[in-house]
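Below: one structure, written as C-alpha cells.
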Amino acid sequence: MRKLIAIVASVLLLTGCTSSDVQKRLVVTAIGIGENSISFQAFSPENEIEVYTFECHNLREAAEDLSLRTGKEVFLGDTELIIFSGNENIEPYLVTLWHSPDIFMGTPVAFTEASPEEILKIPSEDITAILTVSGEEVGLIDLYNEIYSPEESAKLPLLSETGEISGEIVRVKLI
C-alpha cells in the first residue's frame with residue numbers, strides 16, 4: 001500500500017504544466033515596432049485582443065514592462081506577426097529577435113505607415129492569412145538575410161490601416 005501511495009504521489013509531482021502555469025503566462029501573438037514605441041498583441045482569458053504599448057527603444061525592456069504590467073510571464077513563442085513602422089533603425093530589433101530562442105525565424109514581417117498599435121487591433125492570424133494568400137509573405141529570416149546582403153536593404157509588404165496590403169512593397173534598410 002505504501003508503494004502504491006508513493007507511486008501515485010510521484011506521478012502527480014512529475015506531471016508537466018498545470019492550469020495555473022498556463023494562467024501565469026501572457027502569450028504574445030504579434031509585435032509592433034514603431035518610432036519610440038513597441039506594442040504587443042495578446043489574447044485575454046475571454047479570448048479578446050489586448051494591445052499593450054510601451055514607449056521605449058528596446059524589445060527586452062518592453063517585454064519586461066509588459067510582464068510587470070500584467071503580472072504574467074511573457075511568452076513570445078507563439079508570435080505570428082512582426083510589424084515595423086516609421087524610420088527608426090531596425091537593426092537593434094533584428095538582432096534581439098534573431099537571438100531570441102522563442103521567436104520562429106519564419107515569422108511573417110510587414111511594414112506599415114500607420115501606427116502598429118492600431119494595426120494590432122486586428123487579429124494577427126487575419127493579417128498573416130492576407131499576406132499568405134497574396135503571396136507577399138516575407139519571413140523574419142528573409143528580412144535578416146536581405147538586409148545583411150550587399151544591397152543592405154529588404155522588401156517588405158506595406159499594410160494599410162485596415163491590415164490590408166496596399167499593393168506596394170517598401171524597401172527598408174539599415175541606418
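Computed from a predicted model, the values in this text were never measured in an experiment.
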| message | Clusters formed by hydrophobic residues whose side-chain heavy atoms approach within less than 4.5 Å: which one holds Val27, and what are its other members? | response | Phe75
| query | So do Pro92 and Asn89 actually touch side chain to side chain, heavy atoms under 4.5 Å? | reply | yes
| remark: Closest non-hydrogen atoms of Thr162 and Ile122, given as atom of the first, atom of the second and distance, are O-CD1, 3.0 Å
| Residue pair Ile49 / Lys121: nearest heavy atoms and the distance that separates them | CD1-O, 3.4 Å
| said: Donor-acceptor pair, distance only, cut-off 3.5 Å: does the side chain of Ser67 make one with the backbone of Ala63? | reply: no
| field | From OG (Ser160) to CD (Glu113), nearest 0.5 Å | value | 10.5 Å
| Say you draw a straight line from CD of Glu91 to CD of Glu152; how long is it, rounded to the nearest 0.5 Å? | 9.0 Å
| Quick one: do the Glu151 and Ser153 side chains pair a donor with an acceptor below 3.5 Å? | no
| query | With sequence neighbours excluded, what pairs up with Glu146 under the side chain to side chain donor-acceptor pair (under 3.5 Å) test? | reply | none
| query | Strictly by modelled atom types, are Thr53 and Glu117 linked by a side-chain donor-acceptor pair under 3.5 Å? | reply | yes
| Heavy atoms, side chains only, cut-off 4.5 Å: are Leu143 and Asn145 in contact? | no
| Is there side-chain contact between Phe111 and Lys155, with heavy atoms separated by less than 4.5 Å? | no
| query | Roughly how far, to the nearest 0.5 Å, is CG of Asn58 from CD of Glu64? | reply | 8.0 Å
| Sub-3.5 Å donor-acceptor pair from the side chain of Gln41 to the main-chain atoms of Leu120, do we have one? | yes
| request: I would like to know whether Glu137 and Thr128 meet side-chain contact (heavy atoms from CB on, under 4.5 Å); could you show each step before the answer? | output: CA-CA 8 Å; Glu137 187 174 325; Thr128 56; 5.7 Å; no
| Those residues that, when tested against Thr107, pass side-chain contact (heavy atoms from CB on, under 4.5 Å) (two or more places apart) | Thr79, Ile82, Ile103, Phe104
| query | Are a donor atom and an acceptor atom from the side chains of Glu55 and Ser37 found within less than 3.5 Å of each other? | reply | no
| said: Between Phe40 and Ile38, is the side-chain contact (heavy atoms from CB on, under 4.5 Å) condition met? List the steps. | reply: CA-CA 7 Å; Phe40 297 96; Ile38 298 174; 3.9 Å; yes
| request: Return yes if some donor-acceptor pair links the side-chain N/O of Ser85 with the main-chain N/O of Thr112 below 3.5 Å, else return no. | output: yes
| query | For Thr70 and Tyr52, what are the C-alpha separation, side-chain angles and deciding distance, and is it a side-chain contact (heavy atoms from CB on, under 4.5 Å)? | reply | CA-CA 10 Å; Thr70 62; Tyr52 304 90; 3.7 Å; yes
| Shortest non-hydrogen contact from Ile31 toward Ile33 | CG2-CG1, 4.0 Å
| query | Is the shortest heavy-atom distance from the side chain of Leu159 to the side chain of Ile165 under 4.5 Å? | reply | yes
| query | Any side-chain heavy atom of Val109 within less than 4.5 Å of one from Ile83? | reply | no
| field | Heavy-atom side-chain proximity of Ile147 to Leu94 below 4.5 angstrom | value | yes
| query | How about Arg25 and Glu73: do any of their side-chain heavy atoms sit closer than 4.5 Å? | reply | yes
| said: Tell me whether Arg69 at atom CZ has more than 12 heavy atoms from other residues, nucleotides or ligands lying less than 6.0 Å away. | reply: yes
| task | Over all heavy atoms of both residues, which pair between Glu80 and Glu125 is shortest? Give the atoms and the distance, please. | result | OE1-N, 3.5 Å
| remark: Rounded to the nearest 0.5 angstrom, the CG-CE distance for Asp142 and Met105 is 11.5 Å
| query | Got a donor-acceptor contact below 3.5 angstrom from the Ser124 side chain to the Ala30 backbone? | reply | no
| remark: So OG of Ser115 and CD of Glu35: to nearest 0.5 Å the spacing works out to 11.0 Å
| Stepwise, does the side-chain contact (heavy atoms from CB on, under 4.5 Å) test hold for Leu66 with Val28? | CA-CA 10 Å; Leu66 178 59; Val28 172; 4.1 Å; yes
| field | Minimum heavy-atom distance between Ala62 and Cys56, given as atom pair plus value | value | CB-SG, 3.5 Å
| query | So how far is it from Glu50 CD to Thr29 OG1, rounded to the nearest 0.5 Å? | reply | 11.0 Å
| request: Indicate yes or no: at least one non-hydrogen side-chain atom of Asn36 is less than 4.5 angstrom from one of His57. | output: yes
| How far apart are the closest heavy atoms of Glu136 and Pro157, and which atoms are they? | O-CG, 3.2 Å
